[in-house]
Amino acid sequence: TEVDTIVLLERYSPFGLTSSLVLRRNVTIAAEAGARAILNASASAEAPRRVLLVDGPGTVVRLVSVDVTGGFVSAWGAGVRVEGGSTLVLDDCRVRGNVMRATGRGPAAGGGIAILTGGRALLDGTLVEGNEAASDGENANGGGVLNNGVANGGTLTAHGSRLVGNVARSNAGAATG
């Protein structure tokens, strides 16, 4: 399987996104050697969008030394959403400052990362912090990471990674993670 590589140059970072970055083929996105790069959705309730969507059976997306920030959505996965059959690999990355805010009576889940049924995420030396999943009318789960597919083949594997300062908040139901 062929894998494309995109190198993000530090001098152009942060990379402001005006729409979600949707990836449906194998790709590695890496900061140039010795540097960090930032993908920033700068989203809000008025201009919602997630940072990254990994979608497609067999699709593998790898980020290296890339920060994922500024996602704001009303559907699961504000920072990154990993659809069923897809794999996300985060190597020395940071997922921070993303918000999943449910509208109406819906549940909230996956402020930083949402792994859906059959999806996979591998975190190596990655920091997931300061993300939020919030709902006014239902449960809230996975402020940092939601593995919704755990009963249906979804996996989350973390090595040398930290999940800190993430919040799941509900004004009407249970809040976990």
Side-chain angles (χ1 to χ4, degrees), residues 1 3 17 19-29 39 41 43 45 48-64 66-91 93-124 126-159 161-163 166-170 173-177:
T1 303
V3 177
L17 304 176
S19 64
S20 300
L21 185 56
V22 179
L23 300 170
R24 292 190 169 108
R25 58 185 291 177
N26 296 340
V27 65
T28 296
I29 301 174
L39 297 176
R49 64 185 152 272
R50 72 180 35 88
V51 180
L52 181 64
L53 172 64
V54 180
D55 185 22
T59 298
V60 178
V61 172
R62 182 175 182 233
L63 301 182
V64 181
V66 174
D67 296 356
V68 174
T69 190
F72 189 107
V73 294
S74 60
W76 296 6
V80 184
R81 181 176 173 134
V82 184
E83 293 285 348
S86 302
T87 300
L88 170 70
V89 179
L90 297 178
D91 185 0
C93 293
R94 298 177 188 144
V95 179
R96 57 169 46 144
N98 299 288
V99 177
M100 190 272 135
R101 182 157 300 138
T103 56
R105 296 198 45 84
I113 302 169
I115 307 160
L116 302 186
T117 300
R120 294 180 43 187
L122 296 92
L123 283 59
D124 190 6
T126 290
L127 174 64
V128 179
E129 75 171 344
N131 300 288
E132 178 181 344
S135 175
D136 288 330
E138 189 58 63
N139 295 339
N141 300 292
V145 178
L146 172 79
N147 185 1
N148 191 55
V150 70
N152 299 303
T155 60
L156 169 65
T157 305
H159 299 283
S161 297
R162 296 183 308 141
L163 284 79
N166 299 290
V167 176
R169 183 176 48 79
S170 173
T176 58

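What you see is a predicted model; the values in this text were computed from it and never measured.
- With N166 contributing its side chain and V128 its backbone, the two residues share a donor-acceptor pair below 3.5 Å.
- In this structure a side-chain-to-backbone donor-acceptor pair under 3.5 Å is present from S20 to R50.
- Under the 3.5 Å distance criterion, the side-chain polar atoms of T117 are left unmatched by any main-chain donor or acceptor of G84.
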Decide yes or no on side chain to side chain contact (heavy atoms under 4.5 Å, CB included) for N131 and V95, but give the supporting numbers first. CA-CA 8 Å; N131 300 288; V95 179; 4.2 Å; yes

Intermediate values then yes/no, side chain to side chain contact (heavy atoms under 4.5 Å, CB included), R62 and I29: CA-CA 6 Å; R62 182 175 182 233; I29 301 174; over 6 Å; no

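- Atoms CG and OG, from D124 and S161 in turn, are 6.0 Å apart once rounded to the nearest 0.5 Å.
- Of the inter-residue distances, the one linking L90 atom CG with I113 atom CD1 reads 5.0 Å to the nearest 0.5 angstrom.
- Partner of T87 under the side chain to side chain contact (heavy atoms under 4.5 Å, CB included) criterion, out of T59, L122, V61: L122 alone.
- Proximity of H159 to L123: side-chain heavy atoms (C-beta onward) are nowhere separated by under 4.5 Å.
- If you take CD on E129 and CZ on R162, they are separated by 7.0 Å, rounding to the nearest 0.5 Å.
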Take R49 and F72 through the side chain to side chain contact (heavy atoms under 4.5 Å, CB included) test and state the conclusion after the steps. CA-CA 6 Å; R49 64 185 152 272; F72 189 107; over 6 Å; no

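- Within the 4.5 Å cutoff, side-chain heavy atoms of V82 are placed close to those of V80.
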The test is side chain to side chain contact (heavy atoms under 4.5 Å, CB included); show your working for V64 and V66 and say whether it passes. CA-CA 5 Å; V64 181; V66 174; 5.7 Å; no

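- Residues that satisfy the salt bridge (charged side-chain N to carboxylate O under 4.0 Å, His left out) test with R94, not counting sequence neighbours, are D67.
- Looking at L88 and I115, their side chains never come closer than 4.5 Å, going by heavy atoms from C-beta outward.
- The shortest heavy-atom contact between G142 and A168 is N-CB, 4.2 Å.
- Pairing each heavy atom of A133 with each of A108, the nearest pair is C-CB, 3.8 Å.
- Two residues are said to be in side-chain contact when any heavy atoms from C-beta on lie closer than 4.5 Å; L17 and V51 meet this criterion.
- With hydrogens and angles disregarded, a donor-acceptor distance shorter than 3.5 Å links the side chain of N98 to the backbone of G71.
- No option in V54, N26, V27 other than N26 meets the side chain to side chain contact (heavy atoms under 4.5 Å, CB included) test with V60.
- Distance OG/S86 to CG/D55: 5.5 Å, rounded to 0.5 Å.
- Judged purely by atom type and a 3.5 angstrom limit, T69 uses its side chain to pair as donor or acceptor with the backbone of R96.
- In this structure, S135 contributes its side chain and P107 its backbone to no donor-acceptor pair below 3.5 Å.
- Expressed to the nearest 0.5 Å, how far OG1 of T28 lies from CG of L63 amounts to 8.5 Å.
- In this structure, CE on M100 lies 6.0 Å from OG on S74, to the nearest 0.5 angstrom.
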